[in-house]
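Because the structure is a prediction, the values reported are computed rather than measured.
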Amino acid sequence: MNSARVLIVEDERITAFELRLGLAGMGYTVVGTVARGDEAVERAGELRPDIVLMDVNVEGPKNGLVAAEEITDRFRIPIVFLTAYANDEIIERALASRPLGYLIKPYDERELHTTLQVALARHRLESTASRIHQGTPGQSHAAGGPVTADAAQTAGEASVADPAIAQDLEHALANEQFELQFLPTVALVDGALSGVEALLRWRHPRQGIVRPAQFIGIAEASGSIDTIGRWVLKRACAEVARWSFEHGKPLCVAVNVSVQELRSERFARIVQDALQDAGLAPERLQLEFSERGLSQLDHAEASLRRLKDLGVRLCVDDFGTGSLSLSRLKRLPVEAVKIDRSLIERLPGAPVDLAIVESMLAASHALELRVTAEGVTNEAQLAMLRQLGCHDAQGFIFSAPLSAAELGALAHGRAPWAAAALWGKPTLAEEDEHRYQPPHFTLH
Ligand code: G
Ligand code: MN
């Protein structure tokens, strides 16, 4: 079977079991599971897996760090580390050994898959580079190869399976292969266009349109995210400023930012330059950071504060998929959250999802955050969200992402969805008010 072969080094039985199951489900072949560092070195030598997924804290004469070093040096097999979140010292030591990937428990399957794919792609690039450098042919079991289309497709990320993608990405900007699409955001009070979200697309010469989920992780790993992100900001601000000028009405734009970009001291300056070059007022730009990213970022508060001071609006994206505590959220200088589409898709029929969305809205209202629901596809969802006091929504019920030219057409007349009967209807809360007459007492 043509799939990446993984050796698991993990001493917690439940975690090892979950990893085995998860990896098999994504099309990987688990060649073995060991619980000790010394065994790991031995088995890696015998089995020659394509990659080793290594818990840093394992027992035995060799801990995970020592075992990883030996496996890398002797067999040139790439390592992805896995650690528990709490232990800062171990994390630092592990990062110092420059692993090709690093996961912190609890991880999710998508993250596990992306991390493994990036590590395999980077390993392949590095071994190709060193072969070219040394003028030696590669070993037949060189690790990067057998990343299967199956494994990748299971997670809907076919093109990450092609290690050349990482190389192509380095030239995509210079070759003008990036473009932006604009997804309308609609105010739920009156159906008006309340802004657009800029979504990055890569027009790959062989693969066609490649979506951000398939390459942002690679861009983060290789560091090219900074230049890509700068291009997105500049282009999004410029397009929206032009639209506003041409049509004589101000439009707001949301831009997705990787927390990796936020780590750079220069990021606030880059934002300021993009606004200035475009002549866009700062309050017309919203920056979106994923909840997962923010929850893993040290000093998030200070970094966000610098941006906030520019006057831009800040939003927690994919809300409900990370682990930001409400007390931490309360301290962050953000004014909006976007509820992840995975929590919207089964509404209104799924009671658990409904309860989650309801409590997210209640918390957001208490924190005075503006709430946008992602991925709204039907009227029942829309009615429910309006009733719960959700402010904005985006999704196919209104519009798919639009090209800059299609966005131009939206400026003429009312937005196409505004004509729908939806906005004529009162919200469910208002309907209740009409139906329910409070008892009226008189004193006489
Ligand atoms: O494939 P789709 O367009 O649905 O993916 C949208 C998601 O991809 C967004 O929610 C966002 O997380 C991410 N994304 C889109 N454009 C960008 C971008 O320019 N930069 C970053 N970092 N992420 C983006
Ligand atoms: Mn977003």
Side-chain angles (χ1 to χ4, degrees), residues 169 172-187 192-204 208-213 215-216 219 224-258 261-262 267-290 307 310-315 317 335-336 338 370 372 374 392-396 398-418:
L169 191 57
L173 201 54
N175 292 341
E176 301 186 356
Q177 289 165 354
F178 286 125
E179 59 192 49
L180 293 182
Q181 289 189 333
F182 298 91
L183 181 67
T185 301
V186 174
L193 176 69
S194 59
V196 290
E197 175 174 359
L199 296 171
L200 182 59
R201 298 289 180 257
W202 177 11
R203 203 173 280 281
H204 189 279
I209 297 283
V210 183
R211 299 168 75 115
F215 64 86
I216 291 291
S224 56
I225 189 71
D226 291 328
T227 41
I228 296 175
R230 189 165 49 202
W231 180 89
V232 172
L233 268 166
K234 273 190 176 299
R235 174 59 69 92
C237 291
E239 289 282 4
V240 164
R242 190 168 59 93
W243 190 98
S244 303
F245 177 75
E246 276 175 11
H247 303 292
K249 27 186 158 177
L251 182 66
C252 294
V253 65
V255 171
N256 295 285
V257 179
S258 148
E261 294 170 72
L262 190 55
F267 185 65
R269 189 58 209 256
I270 289 168
V271 174
Q272 198 175 19
D273 286 349
L275 288 167
Q276 236 156 36
D277 291 353
L280 191 73
E283 63 273 16
R284 303 249 306 278
L285 175 65
Q286 168 163 300
L287 301 177
E288 303 191 353
F289 305 92
S290 76
L307 298 173
L310 297 176
V312 300
R313 294 187 292 164
L314 304 177
C315 171
D317 204 359
E335 43 261 284
K338 253 185 198 179
R370 189 170 179 90
T372 302
E374 281 181 350
D392 294 288
Q394 46 192 43
F396 285 116
F398 303 117
S399 169
L402 305 171
S403 67
E406 289 167 328
L407 187 63
L410 265 194
H412 307 296
R414 284 166 73 81
W417 55 82

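The two atoms that bring L275 and A281 nearest to each other are CD2-O, 4.2 Å, heavy atoms only. In this structure, F182 and S403 approach most closely via the heavy-atom pair CD1-C, 4.4 Å. The minimum heavy-atom distance between P184 and L410, with the atom names listed, is CG-CD1, 4.1 Å. Of all non-hydrogen atoms in V312 and L307, the two that sit nearest each other are CG2-O, 3.4 Å. The shortest heavy-atom contact between A400 and L183 is C-CD1, 3.8 Å.
Distance CG/L251 to CH2/W243: 5.0 Å, rounded to 0.5 Å. Put simply, CZ on R211 and CD1 on I216 are 12.5 Å apart, with the number rounded to the nearest 0.5 Å. Rounding to the nearest 0.5 Å places CD of E197 at 9.0 Å from OG1 of T372. Taking CD from E335 and CG from L314, the interatomic distance works out to 5.5 Å, rounded to the nearest 0.5 Å. With values rounded to the nearest 0.5 angstrom, S399 atom OG is found 8.0 Å from E406 atom CD. Distance check, rounded to the nearest 0.5 Å: OG1 of T185 to CG of L193 gives 7.5 Å.
With a 4.5 Å cut-off on side-chain heavy atoms, V257 and D317 do not count as touching. R201 has its side chain within reach of P212: a pair of non-hydrogen atoms, C-beta onward, lies under 4.5 Å apart.
Under 3.5 Å, the side chains of S194 and D392 contain a donor-acceptor pair of N or O atoms.
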Taking distance alone, no hydrogens or angles, what donor-acceptor pairs closer than 3.5 Å link side-chain atoms of residues 225-240 to residues at least two apart or in another chain?
{"from": "T227", "atom 1": "OG1", "to": "S224", "atom 2": "O", "distance (Å)": "3.0"}
{"from": "K234", "atom 1": "NZ", "to": "D277", "atom 2": "OD2", "distance (Å)": "2.5"}
{"from": "E239", "atom 1": "OE1", "to": "R242", "atom 2": "NH2", "distance (Å)": "2.8"}

Query - Test side chain to side chain contact (heavy atoms under 4.5 Å, CB included) applied to R203 and I209, step by step - result: CA-CA 5 Å; R203 203 173 280 281; I209 297 283; 3.8 Å; yes
Query - Full working for side chain to side chain contact (heavy atoms under 4.5 Å, CB included) between K338 and Q394 - result: CA-CA 10 Å; K338 253 185 198 179; Q394 46 192 43; 3.4 Å; yes
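By the 30° and 60° cut-offs, the orientation of the rings of F267 relative to F289 is perpendicular.
E246 CD: more than 12 foreign heavy atoms inside a 6.0 Å radius.
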